[in-house]
Structures are given as structure tokens and as C-alpha cells.
Amino acid sequence: GVINSLYNNLSTINTAISKAGGTKLEGDNEHIWSSSEYSYGHAWIFCTDLGAGSGGLLYYRKDYDYGYVVRPVLAF
């Protein structure tokens with residue numbers, strides 16, 4: 001739910017973050033992990049850019065260090 005909402009409202013969220021003086025969710029370094037599991041060994045993530053100018057919802061292994069940062073996201 002929260003990751004899907006983030007994906008669907010990214011433009012609006014980035015506008016609000018920018019107005020507040022924060023760093024927008026963009027670029028290849030933005031991989032936001034979900035607490036929802038895809039399977040036993042994988043979790044859902046949201047990527048703003050996959051290197052080809054496209055992002056989306058994916059799943060990655062939970063036991064591998066990808067070097068991505070984690071941003072807390074709270075639904076409101």
C-alpha cells in the first residue's frame with residue numbers, strides 16, 4: 001500500500017519535498033525498501049530510476065548488501 005502510493009504520487013511528493021528544502025526522490029541511488037515481503041528471501045522495493053530513465057516496483061534479496069540507503073516512509 002505505502003510503496004504503491006509512493007509510486008503513484010511521486011511527482012506530488014517530490015514537489016512537496018522540494019518546497020520543504022529536502023532532497024527529492026530521484027536518481028539511481030533511490031531504492032526504498034518495503035516492509036512487505038515478496039517471498040521468504042525477497043522484499044519489495046521502489047526504485048526511482050533503474051539507469052534507463054525508468055523506475056518502478058521490484059523485489060530484491062533481503063540477505064544481500066546492495067549498498068542502498070533506507071528512507072523511512074509513513075502513510076498519512
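Starting from 1, each residue takes its place in the sequence as its number.
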Heavy-atom side-chain contact between Ile17 and Leu25 under 4.5 Å | yes

When rounded to the nearest 0.5 angstrom, what distance separates NZ in Lys24 from OG1 in Thr15?
->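 Answer rounded to 0.5 Å: 7.0 Å.
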
Hey, is the main chain of Asn14 close enough, under 3.5 Å, to the side chain of Ser18 for a donor-acceptor pair?
-> no

